[in-house]
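Written below as structure tokens is the structure these notes are about.
Values below: all heavy atoms of this structure, side chains included; hydrogens, waters and symmetry mates excluded. For this chain, numbers begin at 1 and follow the sequence in order.
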Amino acid sequence: MTYSKITVPTSGERITVREGKLNVPDTPILLWIEGDGIGPDIMTASKRIWDAAVQKAYGGQRKIAWMEIYAGEKAANLYGGDYFPAESLAAIREFTVGIKGPLTTPVGGGFRSLNVALRQDLDLYACIRPVKWYPGVPSPLRHPELVDVVIYRENTEDVYAGVEYKAGTPEATKVEKFLREEMGAKFWPNSGIGIKPISAFGSKRLIRKAFQFALEKGRKSVTFMHKGNIQKFTEGAFMQWGYEVAKQEFGDVTITEQQLWDEFGGKQPAGKLLIKDRIADIMFQQMLLRPTEFDVIAAPNLNGDYLSDAVAAEVGGVGIAPGANIGDALAVFEATHGTAPKYANQDKVNPGSVLLSGVMMLDYIGWREAARAVEAAFTRTIADKIVTYDFARQMEGAREVKTSEFASAVIERL
């Protein structure tokens, strides 16, 4: 495809997909979106680290060919006000894997969320958020090392489906009238109306991906987080569809909690994946009090959103929380925090979120040696108390450094 603003690097090769699996060349073209606000600072620092880790791990045998595409404010400047140009979407479809910095999302009005648009338009239905503690990172918990979960959040349905009508509009009045007169619903008049569709198709493919990950990585359990005691036909259905997938597609390698106690005396047999479910509100408490009981968690969109940030707070905050949006093959990794415009261009903030999302990206393309090198060097840098301001103010004896200086310290420890 020919692009108007995007330059395809001549030194790289395109990642292809064969029978659902990635075919990754030694010089893959990986896409990157700089991001708004602090995006330039953290992406510049992180790209330096990823490139250095690849060089260290493979001695020049492999190298990333970076290809910049555009979204957010930078795109608007280049494309006459278009914050999400069609050719950026086309590039992701063609080149398969990329990573982005934080993008501006207005609250209460303005243009559509770019993050939501990206996930829905490309059908990146699994938002994956691994959360674990790195030694030395400040945490409010006594034992943050007990937290090690991977959250699979459905990424296209529920509140992201965007079926919503403003109070007092003709559309809201029409829906309100129908619900009252035709369906017998009772609620205060002149309400804003929101509808959250959750389907068997959307739920099952997300849960299936969570099961596949858990089995591939030797994880011990998958827990469905839901509010099915109240919303029985959406969130309750999500849970039921999850059990259906477990029984129909993974029945030989999964057991339920009831089976665990009825058939195995509470002792999980080797080679079996334990399937659980928890009501959303109690889930937050149990993640604080008994985090070792949870391993992989599958949740509808809104529940997964809340839980991802809440659990990240237990081990250092969203400033170092990685994340990915993945479909059947397409994958866009991302900084999970906002744009923090007051710190823009100050070379100040922690690049950890996008940096560790890059670790996920390296794992995704099969470059695990480089991924482990970044993770280990990041851990050593934190252990040496060389940190950006957010951690420095919480640590005794820390050496506060700039974003770029933190990147240099990580590279030195590769």
Side-chain angles (χ1 to χ4, degrees), residues 20 115-116 118-120 122-132 147-161 196 198-228 234-246 249-250 253-254 273-280 283-284 286-287 291 293-312 314-315 318 321-334 336 353 356-357 359-361 363-364:
N115 294 320
V116 174
L118 183 75
R119 294 160 183 167
Q120 290 194 324
L122 296 172
D123 200 27
L124 305 176
Y125 56 85
C127 181
I128 304 171
R129 295 280 296 272
V131 187
K132 67 179 181 180
V147 177
D148 185 1
V149 298
V150 181
I151 299 169
Y152 273 71
R153 166 195 175 199
E154 204 292 318
N155 221 9
T156 63
E157 298 192 310
D158 196 359
V159 295
Y160 267 15
K196 51 179 286 180
I198 293 180
S199 71
F201 173 78
S203 299
K204 286 184 174 183
R205 66 178 181 174
L206 179 279
I207 292 165
R208 184 178 300 115
K209 193 175 280 287
F211 284 167
Q212 290 167 343
F213 170 83
L215 291 167
E216 288 171 5
K217 301 300 182 182
R219 295 278 183 157
K220 296 188 178 299
S221 69
V222 174
T223 303
F224 309 133
M225 175 188 178
H226 62 93
K227 192 63 177 172
T234 50
E235 303 209 8
F238 177 90
M239 175 197 70
Q240 293 297 336
W241 290 323
Y243 280 113
E244 286 180 14
V245 172
E249 301 181 29
F250 301 91
V253 290
T254 61
L273 183 66
L274 180 61
I275 309 302
K276 315 176 185 182
D277 70 88
R278 294 292 183 272
I279 299 297
M283 187 79 193
F284 287 91
Q286 291 186 348
M287 270 306 307
E293 294 184 9
F294 302 100
D295 200 334
V296 177
I297 300 167
N301 183 273
L302 188 58
N303 287 336
D305 194 7
Y306 291 153
L307 188 69
S308 296
D309 284 2
V311 179
E314 297 179 6
V315 295
V318 294
N325 304 289
I326 299 178
D328 290 332
L330 300 183
V332 178
F333 300 82
E334 66 179 354
T336 60
S353 178
L356 295 175
S357 296
V359 169
M360 295 179 69
M361 181 174 67
D363 274 326
Y364 188 70

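A donor-acceptor contact shorter than 3.5 Å is absent between the side chain of Lys132 and the backbone of Val315. A donor-acceptor pair is defined here as one N or O able to donate and one able to accept, closer than 3.5 Å; no such pair exists between the side chain of Ser203 and the backbone of Trp241. Using a distance-only test at 3.5 Å, with no hydrogens or angles considered, a donor-acceptor pair links the side chain of Ser357 to the main chain of Gly323. A distance-only check finds a donor-acceptor pair linking the side chain of Ser353 to the backbone of Ala321 [under 3.5 Å].
Among Lys196, His226, Gln240, the single residue meeting the side-chain hydrogen bond (donor to acceptor under 3.5 Å, both in side chains) criterion with Glu235 is Lys196.
Applying the ring pair (Phe, Tyr, Trp, His ring centres under 6.0 Å) test to Phe224 and every residue at least two apart in sequence or in another chain returns Tyr243. With sequence neighbours left out, the ring pair (Phe, Tyr, Trp, His ring centres under 6.0 Å) criterion links Tyr152 to Phe213.
Here the shortest heavy-atom pairing between Gly202 and Glu157 reads CA-OE1, 3.7 Å. Between Val222 and Ala214, the shortest heavy-atom contact is CG2-CB, 3.8 Å. Nearest heavy-atom pair across Ala246 and Thr254 is O-OG1, 3.3 Å. Residues Leu356 and Pro322 share a closest heavy-atom pair of C-CB, 3.6 Å. When every heavy atom of Arg153 is checked against every heavy atom of Pro300, the shortest pair comes out as CG-O, 4.1 Å. Heavy atoms only, all atoms of each residue included: Gly327 and Leu124 are closest at N-CD2, 3.8 Å.
Of the inter-residue distances, the one linking Lys227 atom NZ with Ile279 atom CD1 reads 6.5 Å to the nearest 0.5 angstrom. Expressed to the nearest 0.5 Å, how far CD1 of Ile198 lies from OG1 of Thr156 amounts to 10.5 Å. Note: Asp158 CG to Thr234 OG1 = 7.5 Å, rounded to the nearest 0.5 Å. To the nearest 0.5 Å, atom CG of residue Leu122 and atom CD1 of residue Ile326 are 13.0 Å apart. Here the CD atom belonging to Glu293 is positioned 6.0 Å from the CD atom belonging to Gln286, to the nearest 0.5 angstrom. Asp277 CG to Ile297 CD1: the interatomic distance, rounded to the nearest 0.5 Å, is 12.5 Å.
Within a 6.0 Å radius of CZ in Phe284, other residues, nucleotides and ligands contribute more than 12 heavy atoms.
Counting heavy atoms from C-beta outward, Asn301 and Asn155 have side chains that approach closer than 4.5 Å. Side chains of Glu249 and Phe211 form no contact here, defined as non-hydrogen atoms less than 4.5 Å apart. By the 4.5 Å heavy-atom criterion applied to side chains, Val150 and Lys217 are not counted as neighbours.
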> Under the side-chain contact (heavy atoms from CB on, under 4.5 Å) criterion, do Leu274 and Lys220 qualify, and how do the steps go?
Replying inline: CA-CA 6 Å; Leu274 180 61; Lys220 296 188 178 299; over 6 Å; no

>> Assess the residue pair Ile207 and Glu154 against the criterion (side-chain contact (heavy atoms from CB on, under 4.5 Å)); give the C-alpha distance rounded to whole Å, side-chain angles, the decisive distance to 0.1 Å, and a yes or no.
In response: CA-CA 8 Å; Ile207 292 165; Glu154 204 292 318; over 6 Å; no

>> Could you go through Phe250 and Gln212, starting from their C-alpha distance and side-chain angles, then the distance that decides it, and tell me whether this counts as side-chain contact (heavy atoms from CB on, under 4.5 Å)?
In response: CA-CA 9 Å; Phe250 301 91; Gln212 290 167 343; 4.1 Å; yes

> Could you walk me through whether Arg278 and Phe294 pass the side-chain contact (heavy atoms from CB on, under 4.5 Å) check?
Replying inline: CA-CA 10 Å; Arg278 294 292 183 272; Phe294 302 100; 3.9 Å; yes

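Side chains of Glu334 and Thr336: no donor on one and acceptor on the other come within 3.5 Å.
Checked for salt-bridge contact, Asp148 and Arg219 meet the test: a charged N lies under 4.0 Å from a carboxylate O. Electrostatic pairing of Asp123 and Arg205 counts as a salt bridge here, judged by a charged N lying under 4.0 Å from a carboxylate O.
Geometrically, Arg119 does not engage Tyr160 in a cation-pi contact, judged by NZ or CZ lying under 6.0 Å from the ring centre and within 45° of the ring axis.
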